[in-house]
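Report on the structure given below.
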Amino acid sequence: MSETYWIIDYHIKLLSDFHVGAGNTLLGGNLHGLRLDAHGFPYLPPSQVRGLLRVGGYRLQKRRPSFRPFFQNNFPSQGGAAARSWSYTRASFPWKLVCDTQGAAGEEMLLEQTHVRLEEGMVQHLFAYQKAGVVSEEWQLQGRIYAVEPAREMDVAFLLACMRYEDRLGHRRSRGYGKASWTPQRVRKYRPGSEPEEISRNLPEWLNLLLKGE
């Protein structure tokens, strides 16, 4: 196999409110905090980007067992052999939009939701969590995936199929939050010492490539 490396740029269009937990609780332990960057905007950390795509890949290979080798190659368990290695950036809002709004959109985006349960006419088990709302269509998360070692076109096609198959992000998924749509924006390949070359292939063409190679 020729030493071909890849760079995948993608957008995540937000279709509902979402909650990406910061792993801590606020105000006495009953408010679950939202993961925010230094400018107060929510984002997906690299580990969660990989985790979400892995969930999509797992569901995909369960539905089409012929895709199992692609799943094992691109999302190996620790110590897996002959695996393709990818590096994931965080998925965050475009820096230009953040600067243009001077933080106003971030404040508008942050919401809070409280859950209660009534027992014998009394409120019990009160808790709340922060969440992020969709400000407008232009506010989409952006991220990038790098091939750390040479990979095949089929591996790229499988990652793009995982994006297509995963339509939720963050926590509180079971309550219907985090509806999203992943879209690859640009796929480039390169070899050491050369400039990246953009591949003029749309998503259906990538998916057809994967289906032909299964």
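The structure places CG of D37 at 7.0 Å from OG of S92, a figure rounded to the nearest 0.5 Å. Here the straight-line distance linking atom CZ of F75 with atom CG of L53 works out to 5.0 Å at 0.5 Å rounding. Within the model, atoms CG of D9 and OG1 of T183 stand 12.5 Å from one another, a figure rounded to the nearest 0.5 Å. Here the CD-NE2 distance, from Q142 to H11, works out to 3.5 Å after rounding to the nearest 0.5 Å. Atom SG of C162 is separated from atom CZ of F67 by 9.5 Å, given to the nearest 0.5 angstrom. Atom-to-atom distance recorded for R54:CZ and R59:CZ is 14.0 Å, nearest 0.5 angstrom.
Residues F93 and L141 meet the side-chain proximity criterion, which asks for heavy atoms closer than 4.5 Å. When side chains are defined from C-beta on, I199 does not count as touching R188, because their heavy atoms never get closer than 4.5 Å. Contact check for M163 versus I8: side-chain heavy atoms found under the 4.5 Å cut-off.
Smallest separation of non-hydrogen atoms from P46 and R90: CG-N, 3.6 Å. Nearest heavy-atom pair, G21 versus H19, reported as atom, atom and distance to 0.1 Å: CA-NE2, 3.5 Å. Shortest non-hydrogen contact noted between Y10 and V49 is OH-CG1, 3.3 Å. Scanning both residues, E138 and L97, for their nearest heavy atoms gives O-CD1, 3.5 Å. Contact detail for I7 and P196: the closest heavy-atom pair is CD1-CG, 4.5 Å. Here the closest non-hydrogen pair linking P42 and A132 is CG-CB, 3.7 Å.
Figure legend: cation-pi geometry between R68 and F71 absent, as NZ or CZ is not positioned both under 6.0 Å from the six-membered ring centre and within 45° of its axis.
In the hydrophobic clustering of this structure, Y88 groups with V187; members are Ile, Leu, Val, Met, Phe, Trp, Tyr whose side-chain heavy atoms approach within less than 4.5 Å, directly or through other members. A single hydrophobic cluster is seen to contain both L211 and M154, as judged by linkage of ILVMFWY side chains at heavy-atom distances under 4.5 Å, directly or through other members. A chain of hydrophobic side-chain contacts below 4.5 Å, direct or via other Ile, Leu, Val, Met, Phe, Trp or Tyr residues, connects V20 to M109.
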Practice item. Would you check, one step at a time, whether the test side chain to side chain contact (heavy atoms under 4.5 Å, CB included) holds for R35 with Q130? Key: CA-CA 9 Å; R35 184 180 294 274; Q130 293 176 324; over 6 Å; no
Practice item. Give the intermediate values and the outcome of side chain to side chain contact (heavy atoms under 4.5 Å, CB included) for residues L160 and Y165. Key: CA-CA 9 Å; L160 300 184; Y165 221 72; over 6 Å; no
Review point. Salt bridge (charged side-chain N to carboxylate O under 4.0 Å, His left out) between K189 and E198: does it pass, once the steps are laid out?
Key: CA-CA 7 Å; K189 68 176 183 180; E198 186 166 349; over 6 Å; no
Exercise for review: For the pair W182 and K13, evaluate side chain to side chain contact (heavy atoms under 4.5 Å, CB included) and give the outcome as yes or no after the intermediate values.
Suggested key: CA-CA 6 Å; W182 301 59; K13 182 179 180 181; over 6 Å; no
Practice item. Before giving the answer on side chain to side chain contact (heavy atoms under 4.5 Å, CB included), spell out for L15 and S181 the whole-Å C-alpha distance, their side-chain angles and the decisive distance to 0.1 Å. Key: CA-CA 7 Å; L15 304 176; S181 175; 4.3 Å; yes
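Listed for the W6 side chain is a donor-acceptor partner under 3.5 Å among the backbone atoms of A151. One N or O on the side chain of S16 and one on the backbone of G178 form a donor-acceptor pair closer than 3.5 Å. Under a 3.5 Å cut-off, the side chain of N74 and the backbone N or O of F70 do form a donor-acceptor pair. Checking side-chain atoms of S85 against main-chain N and O of E149 turns up no donor-acceptor pair under 3.5 Å.
In this structure, W95 has its ring center under 6.0 Å from that of H39. Between F158 and W206, the distance separating the two ring centers is not shorter than 6.0 angstrom. Under the 6.0 Å cut-off for aromatic ring centres, W86 and Y146 do not qualify, their centroids lying 6.0 Å or more apart.
The side chain to side chain contact (heavy atoms under 4.5 Å, CB included) test with E205 singles out one residue from L207, L203, L209, N202, and that residue is N202. When each of L169, V134, I12 is paired with F18, the side chain to side chain contact (heavy atoms under 4.5 Å, CB included) condition holds for L169 and for no other.
The local environment of OH in Y58 is sparse, with at most 12 non-hydrogen atoms from other residues, nucleotides or ligands closer than 6.0 Å.
With respect to R201 and E153, a salt bridge is recorded, a charged nitrogen being found less than 4.0 Å from a carboxylate O. Remark: D17 does not engage K179 in a salt bridge, criterion side-chain N to carboxylate O under 4.0 Å.
The aromatic rings of Y190 and Y5 lie parallel to each other, their planes meeting at an angle below 30°, with 60° marking the opposite boundary.
In this model, a donor atom of one side chain and an acceptor atom of the other lie less than 3.5 Å apart for K131 and Q113.
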